[in-house]
Amino acid sequence: MGICDLPAHQIAKMVRLREISAVEVLDASLDRIQQVDGRSGTLNPGEITNDDKQKVHAFISITTDLARAQAKAVDQKLAAGEDVGELAGVPVSIKDIFCVQGTHSTAASRILADFISPYTASPVNRLEAAGAVIMGKVNLDEFTYGSSNESSAFQPAPRNPWNTNHVPGGSSGGSAASVASGEVALSLGTDTAGSIRQPASFCGVVGLKPTYGRVSRYGLIAFASSLDCPGPIARNVRDAAMMLKIIAGADPHDSTAATHPIDDYLVSIEKNIKGKRIGLSPDYFRITYPDPVSGSFQQQAVTHEIEQPVRHAAEVLSDLGAEIIEDIPMPNTRHGIPAFFVISRVEAASNLHRYDGVKYGYRTPIQTDDLRLMYRRTRGEAFGLQPKLRILMGMYVSAAQYSEQYYMRALKVRSLIRQDFHEAFNPTGKYRLDALLTPTTPTPAFEMGAVYGDSVMMQYADQLTVPANHAGIPAISLPGGISSTGLPLGIQLLGPDFSESTLLSIAYAYESATSGESWRSSRPKVLS
Amino acid sequence: MITEELFKHLVDLAALELETDESQYLLGQMNNQITAINELEQIPLDDDVPPARHGVPFPAEISPTLREDKVDVYPNVEALLNQVPSSEDRYIIVPDIPHTELK
C-alpha cells in the first residue's frame with residue numbers, strides 16, 4: 001500500500017493540509033505506472049511479448065510534463081494560501097475519448113492518432129479547476145465500440161489488473177484498470193451501453209453512469225449522442241460522489257446538459273437508508289442471447305456466483321432498514337440489446353461521417369484526383385473493423401425502406417424499456433421503488449480473445465447495463481464479491497431520473513456495512 | 001439477409017474502401033446482427049407507443065435557455081487550421097470533385 005492506493009478524498013485532504021505535496025503524489029503515481037503499466041498502446045506495437053501479457057497497459061499517452069505543471073501549481077497555490085479545490089493533487093486519468101487541449105485525443109483510432117485537440121472537454125475543465133492532476137489519456141475500444149478494449153487501434157490493449165489473461169472490460173477499460181491498479185485515484189469514463197459500469201465491475205471498482213444530461217458531453221467524441229454519458233470511476237463511493245459533484249451541471253456548450261440542481265453528494269451519502277424501497281427483478285437474474293450456431297434465442301438463469309452477491313447485498317441493506325421488494329417485473333430488459341443494435345448504429349454512422357480526411361485527422365497518403373476516392377481510402381485505411389461495422393449497420397437500418405421496420409420500431413421499444421422503469425419507480429404506483437438492485441454483468445471478466453471478433457456475443461455482455469442508457473436513468477456498479485477464479489463481481493443499483501443522491505447513499509451504506517468482509521481484502525494480482 | 005450486392009451499395013454509401021477479407025467478416029457480422037435485431041419484430045407494440053428519441057424528457061424547467069444569436073469568434077483559429085491535413089494560404093486543399101452527368 002502506498003500513497004496512490006489511498007482514496008482520492010484522503011489524498012486531497014493530505015495535500016490541502018500540506019502533509020504531503022501534490023508533486024510527491026504525482027511521483028508516487030508515476031512510480032506505480034512504471035511498476036505495473038508496461039508500454040503504452042501504439043499503432044505499431046510489433047509482437048506482444050510474454051512480458052507485455054503481465055502488464056496493465058491502461059495508458060495511450062502519459063502527459064508527465066502537463067501533470068507536473070499542474071501539481072506544482074497546486075503546491076504553489078497552497079504555499080500562497082490560495083484555494084486549491086476539492087481534488088487538490090489527486091491523480092486522474094481521462095478516457096481518450098475526451099478532448100484535452102494540446103494533447104493527442106485519439107478515440108483509440110488510427111483516424112485520430114495525430115489529432116491534437118484545440119480545446120478541452122467541459123468535464124475535464126471542471127476536474128482541472130478543482131485541482132486534479134491529469135496523468136494522461138487511457139485506452140478504450142476504438143471510438144468506444146466494444147466491451148473488452150481489444151478493438152483499440154493502440155496495442156497492447158489494456159489487461160485486467162486482477163488477472164492479466166482477462167479483459168478489463170470496456171469500453172472504459174483503461175479507466176477502470178488504471179483506477180484498480182492504483183495508477184490514479186479517479187478516472188473520467190463514458191457509458192453508452194454499460195461502458196463505465198461493466199469495466200468497473202470487471203476490475204472491482206465503483207463506476208457511476210449519471211442521468212443523461214447530468215454531465216456535459218462537450219468535448220466528448222460522440223458515439224451515440226442520445227445515449228452517451230460521461231461519469232466517474234473510483235475505488236470507493238465517497239470518491240465517486242466527490243467527482244460527480246465536480247463534473248455535473250449545466251454547460252453553455254451543451255444544450256442537453258440539464259439545469260436540474262446539483263445535490264451535495266458528499267452530504268447525501270451519509271443519509272440513512274432506513275425505509276428505502278429496493279427492488280429485485282427476476283428479469284435481471286436471467287440472460288437471453290442468440291445461439292452462435294442456430295441463431296435461435298436461448299434464455300438461461302445467471303449463475304449462482306453472479307446472483308449471490310446481489311442476494312447478499314439485499315440482506316445487508318435489509319439489515320440496515322431498507323425494505324426489499326421481490327419480483328419486480330422488468331419484461332423489456334431482454335429487448336435492450338436488439339434495440340441498441342439499431343439506435344446506436346444509426347447514431348454512430350451519423351457521427352462518423354465527419355471523419356473525411358479534409359478538416360483534421362488522418363488522410364490517405366495515396367495521391368488521387370478524385371475527392372470521393374480520397375474519402376473512401378482515408379476511411380478504409382484508418383477506421384478499424386468495429387467502426388466500419390457500425391457505420392455499415394447504421395446505413396442499413398436507417399435506409400428509407402427499412403427504417404420503419406428497424407429504427408422506428410427500436411425507438412418504440414425504447415419507450416417500453418423506459419416504461420418498465422417508470423412502473424417500478426413511480427412514487428404513486430404499485431412498487432414505489434427508490435432503487436432496483438441487480439447484477440452488473442452476466443459473467444465476470446472473460447479471457448482475452450474469448451469473445452472478440454463475435455460482435456453479437458460481445459454486445460450481449462451489456463445486457464444488464466444497456467436498459468439504463470435507453471431510459472436515461474442513473475446507475476452505479478459496486479464491487480460485490482470475488483469469483484471462485486479470483487475475479488471481481490459487480491452489483492448494480494438503478495434509480496429514477498436525477499436520483500444520484502439516493503443511489504450514492506444506498507451504495508455508501510452497503511460499502512460501509514461490508515467493509516470488514518473477507519473478500520474486501522483481496523487485491524489485484526499486479527499489485528502482489 | 002444482406003446480399004453481396006446490397007453490401008456493396010452500403011459500402012459505397014458509407015464511403016469506405018474495403019479489403020476482401022474485411023468485407024467477408026463485415027458481411028457475416030452484419031447478418032448475425034440482423035438475426036439479433038429481428039427479435040424486435042416479435043415484440044407486440046400498441047399503436048399509441050411513442051418513439052423515444054432519448055430517455056429523459058427535457059421539460060423547460062431543466063432545459064437551458066437558448067443563447068443569444070450572436071457571432072462568437074473562436075479564439076484560436078490557428079489551432080484549428082493546424083489540424084488540416086493539407087492546406088495553402090489558409091485554404092484547405094482537397095482533390096478535384098469529379099463532374100457527374102445527371103441522368
Side-chain angles (χ1 to χ4, degrees), chain A residues 115-116 118 211-213 226 250 252 255-260 290 295 297 335 337-339 341-342 349 357-360 363 368-372 374-377 379-380 383 385 388-389 391-393 395-397 405-406 408-416 418 455-456 470-473 497, chain B residues 2 6-7 9-19 22 25-27 29-30 32-43 45-46 49-58 61-67 74-80 82-86 92-98:
Chain A
F115 175 64
I116 309 280
T211 309
Y212 180 83
S226 78
S255 62
T256 62
T259 57
H260 191 89
F297 282 82
H335 302 137
I337 293 295
F341 262 127
V342 175
V358 173
K359 306 175 291 294
Y360 51 85
R363 181 190 286 194
T368 164
D369 55 4
D370 181 338
L371 178 67
R372 291 172 305 187
M374 189 279 280
Y375 289 155
R376 288 201 289 270
R377 284 195 176 143
R379 290 160 63 84
F383 279 135
L385 280 170
K388 285 171 180 163
L389 182 53
I391 294 168
L392 289 166
M393 274 309 281
M395 305 297 299
Y396 175 67
V397 295
Q405 177 188 356
Y406 291 126
M408 286 307 286
R409 202 165 175 88
L411 293 177
K412 289 178 179 180
V413 170
R414 190 174 183 179
S415 285
L416 298 183
R418 171 118 181 139
S455 64
V456 175
H470 283 303
I473 59 168
D497 297 347
Chain B
I2 296 173
L6 175 56
F7 181 75
H9 177 61
L10 291 169
V11 171
D12 189 48
L13 288 177
L16 290 170
E17 191 172 78
L18 300 177
E19 307 282 343
E22 283 185 306
Y25 170 78
L26 292 167
L27 177 56
Q29 289 296 312
M30 287 175 79
N32 290 350
Q33 292 190 9
I34 285 169
T35 307
I37 293 169
N38 280 340
E39 202 199 349
L40 292 174
E41 291 182 35
Q42 315 301 321
I43 304 168
L45 281 173
D46 293 338
V49 176
R53 287 186 171 78
H54 47 78
V56 180
F58 275 91
E61 58 268 27
I62 63 160
S63 300
T65 47
L66 293 176
R67 63 176 176 267
Y74 190 75
N76 191 359
V77 176
E78 291 309 315
L80 301 182
N82 286 342
Q83 299 297 323
V84 173
S86 176
I92 297 173
I93 309 288
V94 293
D96 281 344
I97 302 166

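Below, chain A is the first sequence line, B the second, and so on; all start at residue 1.
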Side chain from CB out, backbone as N, CA, C, O: work out which of these in B:L13 comes under 4.5 Å of a heavy atom of chain A, or both, or neither.
both
Would you mind checking which part of B:R67 comes under 4.5 Å of any heavy atom in chain A, side chain (CB onward), backbone (N, CA, C, O), both or neither?
side chain
Test of understanding: with salt bridge (Lys or Arg N to Asp or Glu O under 4.0 Å), list the residues that count as partners of A:R376, not counting sequence neighbours.
B:D12
Applying a strict 4.5 Å limit to non-hydrogen atoms, the region of B:L6 in contact with chain A is side chain
Under 4.5 Å from any heavy atom of chain A - which part of B:I2:
side chain
Measure distances from B:T35 to the heavy atoms of chain A and classify the residue's part below 4.5 Å as side chain, backbone, both or neither.
both
Using 30° and 60° as the class boundaries, would you call the ring planes of A:F115 and A:Y360 parallel, tilted or perpendicular?
tilted
Okay, B:E61 and chain A: the region with an atom under 4.5 Å from a heavy atom over there is backbone
Write down the atom of A:A339, the atom of B:L40, and the distance for their closest heavy-atom approach.
N-CD2, 3.8 Å
Residues which pass side-chain hydrogen bond (donor to acceptor under 3.5 Å, both in side chains) with B:Y25, listed by chain and number, not counting sequence neighbours:
A:Q386
Could you check whether any side-chain heavy atom of B:H54 comes within less than 4.5 Å of a side-chain heavy atom of A:T256, counting everything from C-beta outward?
no
Heavy-atom cut-off 4.5 Å, strictly under: side chain, backbone, both or neither for B:I92 against chain A?
side chain
Under-4.0 Å salt bridge between A:R377 and A:D370:
no
